[in-house]
Structure formats: C-alpha cells, structure tokens
Amino acid sequence: MRMRSIPALVITLLAAMLYASPASAAVVGGFDFDRAQTAVTGLEVPWGLTFLPDGSALVSERMSGRILQVRPGQTATPVATINGVSANGEGGLLGITVSPNYATDQWVYAYFTSTSGDNRMVRLRLNAPGTQNLIFSGAPSGAIHDGGRIAFGPDGMLYVGAGDSGNSANAQNLNSLGGKILRMTPDGQPAPGNPFGTYVYTYGHRNVQGLAWDAQGRMFATEFGQNTTDEINMIVAGSNYGWPTCEGICNNPSFRNPIVTWTTAEASPSGLAFANNTLFAGALAGRRLWTVPLNNGTAGTPLAQLQNTFGRLRAVTVGPDGWLWITTSNRDGRGTPVTGDDRIVRVPPATVGDTQAPTAPSGLAASGTTQTGTSLAWTASTDNVGVTGYDILQAQGATGGTFTQVGTSTTTSFAVTGLTANTTYRFQVRARDAAGNVSAVSNTAQITTQAGTGDTQAPTAPTGLAAAGTTATSTNLSWTASTDNVGVTGYDVLRATGATGGTFAVVGTSATTSFTNTGLTANTTYRFQVRARDAAGNVSAVSNTAQITTQTGGTTGACSATPTVQTQWATGYVINPLTITNTSTSTISSWTVTFTLPAGHTLSGSWNATVTTSGQTVTAKSVGFNGTLAPGAGTGSFGFQVNRPSGNTQMPAAYTCATP
C-alpha cells in the first residue's frame, strides 16, 4: 500500500482559548465543557482511541491504517500500520483497544475491514508492530455499516460491535456475525457463557459504534438508526434489539426497547463513554456531544454539549488523567473540515470544591401563551454558595419526546418564542451554581399554543422546484422556501402521472425544502408541484411544475434490475438494494447486471456481487447465495457505493439484467 508522507501533527494546548457550547451548562456530568481544549491537530479520520498504562493515548486512523501514539503537548508518533486494510466507504481501520493485562502481555488489539472482504481483528505488540496475529475473522463487511468499536468489559472478555454491513437481514440471522454485539476471549474464541454458544451476545442491531459500562457493570451501546431514530440501548445477553423489524421504541415484547432515542439529524451516535453516573455519546450528523445522566440504569434528560463547535464527533473516552477525550471526524467525506482537522479535543473535569447542587426550582407556571410564545415564571432555588442561573428545558407534545435546553436565565422568568401554533409543549427549569453543580428539574408546566385563527394571509408560493437523482423508483425534489407573515409550518408535495392531464394529489409533506418520493414505477413520467402551509392552515398557490421520467427497470430476457437510493451526500451515494427479479416462468441459476456511471463518478465499494468496471460501465455478477431465483418474481439483491464530484447529482443509468 502506498502511504502518504507523515505530516507534522501540530499539537497545541490552547489553554487561553475556551470553547463554550451554546446554551449549555458549563459543568455537566463532572466535566467543564467551557474549558474544552484542542490537544492534537492534523489527524486523518481518527476512529478508535485507547490508553497505555503510562497515560499516553493510541489513536487509529481509518483511511491510512496507522496507529499513532499521542501525549498532550508532544508530537504524535506513528507506532504501527495495520496490514491489509481496505478503506472503502465506511470501512478501514476502526476500533482499537489494549489488553487489561497490558503491563504483562503488551497486546494491542485492532479491528478493521480487510482486503480479504471481511471485518477481522489482529493483535500486536508495539515492540514488534510488523508481527500481527489474526485472532478473529469472518464478520461481514460492506461500504456501509461496518460497526467497529471494540472494548474489554469488566468480565475481562472482549466485546465487538459488528454492523449489518448494509444487509439488514444479517441482524436477525443468528448464523451471521453481522448486526450483532459479539463477545469473545482475549484469544479471539467465543466466550464461555455466551447465550447461543457462539460469538453472538446480542442481535437485532443495525450499526453499533459505541460500547461502555457503568459502575455496576451494566453495558450500554449506541445504535445508528436508518431514517428516523438513533438509540442508546442497555445491553442484556441474548436480547433482540429489533432491527430491521423496527427502529426506536417498538413496544413489541420480542424486542428490547432503547433507553434513549433521538432523530438521526440530532445524533448519528458513535463513541460512548461513562463517568460520574453519565453517558457521553459523540454525534456525527448531530455535530455535538450528548450527555445522558443515569439513575440505576434509567436514563434522564439528555443534554447537548459542544454543539457545532468542533464538527462531527466520533470516539469518546475517559482518559487516565481524568479528562474526557473526543476525536473529530470532519475529513471523512461527510464533514466540513477546517484548518487543523481532524483533531483530538480534551475536556477537563470540573473544579474540585463545592459539590452541593442547588435545590430544584418550584412553582413553574406559564402565562400569556400566544400562537408562537409563552412566558415562564418560577420560585427561586437556594444554594450553599449561590445560584448563578437557570436552564430552560422544552419538549414537544403532552407525553414522550426529549427535553432539550432552549435557553438560560439569570432571573426567575423567561420568555419562550418561536413556537408552532396549536401545538402542545412541556417545560422544566433547573438551577446552576458557580461551581457548575446542577439541580434536579422543577415541576413540569404544559401549554398549548393558540390556533391562530385570526391569520388569513396565505404564504407565498414556493419557487424553483426541481428534481434530481431520479432512479427507476424514486426522485429527489427541492425548492426555494416560501415566506409568510407568521411563519411557514410545512409543505405539501403533489404528484400527477403523465406528461399532461391527470389529477395532482398529495403524496407527502415536508417541514424542509426537500422531499424524496419513493415507490414510483419504472419508465414512467410524473409531474410534481409543491405548496406551503402556515400555522393557521392557510395554503399557498402551487409552485412551478417539475417533470421527470423514471429510469427503466432494466428488463432483458428473464430478469429485471431495479435500483433504490439508500442514502446520498454531496460527494457520494449508496444504491442498496439493487433488486434483481426473475421475470420468467422457470428458475434461473445466475444473473448479470450492467449499468453506466455518470462521468466523474467512481465505484468505491460493493457487496453481495462480483463487480468489475470498464470505464464508466459496471458489471455485477451474482454470487453463490443470491444467484438462484425462483420463477415468477423471485428476487435477489446487491448494493454499491459511489464517489462523485461535489454538486453533481446525476445517478447511474441504463440498468440491464441478463441470465446465461
């Protein structure tokens, strides 16, 4: 493997520069987030983080396959390069950890996506880094969902978060190592006492990237959701966590529910650490650190720290120095790197001294509620030193939801603005003192905003409606926002079939200025329009009309190929599944799909097919387990990931399917 020259890693302890998280308490979970410091800069997609007995840290780089040793205030030193790393898509060198008996055995463990086509683990000693002993292999790999976090538990066993590798069926298949938390001995063998007599400890997972234990030995894990809900789960041996049957709270006795959930935009949680009765979860898409207080394993109200301060956050670990160590992931193709990225950030523990929290505020009440706001007031807290302020927490709905901080006050009142008409909200307040101690929350005050029936002015019509990324079954719509005298609350998406005629009907709604319409028919023309709504129910005129024709399903002879866009970002996308359907009346034993990539697009990974490229033409052939398809609509599938120039929204075309 050709390696880049090692850049000088500029390390600066910016003691004079404080990074405050907007609208957050300075001290949460025993750490002072107002004094967060950049410790290391110039890393290339750091992923795993662990510590040696001398207090130095080891960090893995996903793309380069390097392990570097880091000490605050010193230049990072490469100490090993893992052999056979395949850094495609989300794969590469992932989790690292050291033996709990490192002082005597000196083992360092590394989990990675291999050029052999699986996820595996080696262990090595830093005094002979070229000798890398394979102790575990065979976990499925893919361009997405490779999991990768590894950690020794309090029982001395080694735990692995193994993703479903983009094939959701792996999660419920106890014969697959994908979509599981695995438990093994330090030598890489299935651990004694595992519930199924195999490596499998729990199943029904999508993509676990964070593992942690509390002081009582209870295990917790972060989980990436698909489109709606990210999770933290308490891990109990033998449990099924529901994927792909459901994500988030399932209310199904067959599955164990998460203890915390967020929307995928708020979280995409990766690394996880525990300290001071609090879980700390790094959020990638959410670009923040979530703090989750625990009470005997039950989660309290999560609070966001460092929001939009350092970008995408990956690994989170409590160091032997008592500081919270966090890595960024802004150079992974999905972030917005700035000078110095990627970096390691350290958060100091709270100043030792006053540890007595204020009393909880009481008598919280709301008054003067309008369509968009309300006024809160409460009785002051008391404290042995003195209350310095109050945090205002808000949740939407009469039940459920997560309380998030929406403001602070140095008095016993606060005006809440920016609410939605005819909507129920709940509020709580907590007090802080000068040492950063935080009180319990107050009583809950509930309000429902006015319906806004007096407003009769409709929003302006949306403009600039356009479609992009059209496949055989879907298209992506975007438009320019409407304006309104009170505020636009959402958009209706309307669709008609054919280039002319037909009736436009609502096929979906959006709270943003984009919408993905799925379930379309291949080789069919559709027209789309959008209209805006405000809180009073006024509806705008419709936008301009955007017309698309879906791609052909790729029928040739006895089979057809239908692609589905699973996810996309500025510089890439994932097609998964690409479904192959037997359209004949007899069984087929294999299939070959061809398609064309747009100019400038390059294939960066594939799974469940043997794939070759010639210029922009891609050929995918079935593999043993998915080649045989029953007559009359029997199906198989594969998937792939593509890199593309930023701003180029074209998609592959000219799909064809053939059988021998």
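Each residue takes its place number in the sequence, starting with 1.
Between E247 and the choices T228, T229, T264, the side chain to side chain donor-acceptor pair (under 3.5 Å) rule is met once, by T228.
Proximity of L306 to I326: side-chain heavy atoms (C-beta onward) are separated by under 4.5 Å at one or more points. Side-chain contact between H205 and F224: absent, with no pair of heavy atoms (C-beta onward) separated by less than 4.5 Å.
Looking only at atom types and distance, the side chain of T328 has a donor-acceptor partner in the side chain of D342 under 3.5 Å away. No side-chain donor-acceptor contact under 3.5 Å links T449 and T423. Under the 3.5 Å distance criterion, with hydrogens and angles disregarded, a donor-acceptor pair is assigned to the side chains of T549 and T525. A donor-acceptor contact closer than 3.5 angstrom links the side chains of Q209 and R314. When only modelled atom types and interatomic distance are considered, H145 and E90 share no side-chain donor-acceptor pair under 3.5 Å. Side-chain contact, T460 with T483: a donor N or O sits under 3.5 Å from an acceptor N or O. The closest side-chain donor-acceptor pair between T545 and Q529 falls under 3.5 angstrom.
Taking R527 as the reference, nothing meets the side-chain hydrogen bond (donor to acceptor under 3.5 Å, both in side chains) condition, with sequence neighbours excluded. For D492, the side-chain hydrogen bond (donor to acceptor under 3.5 Å, both in side chains) test picks out R531, R533, with sequence neighbours left out.
Residues A283 and W290 share a closest heavy-atom pair of CB-CD1, 4.1 Å. Minimum interatomic distance between T550 and I548 (heavy atoms only, all atoms of both residues): CG2-CD1, 3.8 Å. Between P337 and N330, the closest heavy-atom pair is CD-O, 3.2 Å.
A donor-acceptor pair under 3.5 Å links the side-chain atoms of T222 to the main chain of G210, judged by distance alone.
One finds no salt bridge joining R62 and D332 here, because no Lys/Arg side-chain nitrogen approaches an Asp/Glu carboxylate oxygen to under 4.0 Å.
Ring centroid separation for the pair F280 and F31 comes in under the 6.0 Å cut-off.
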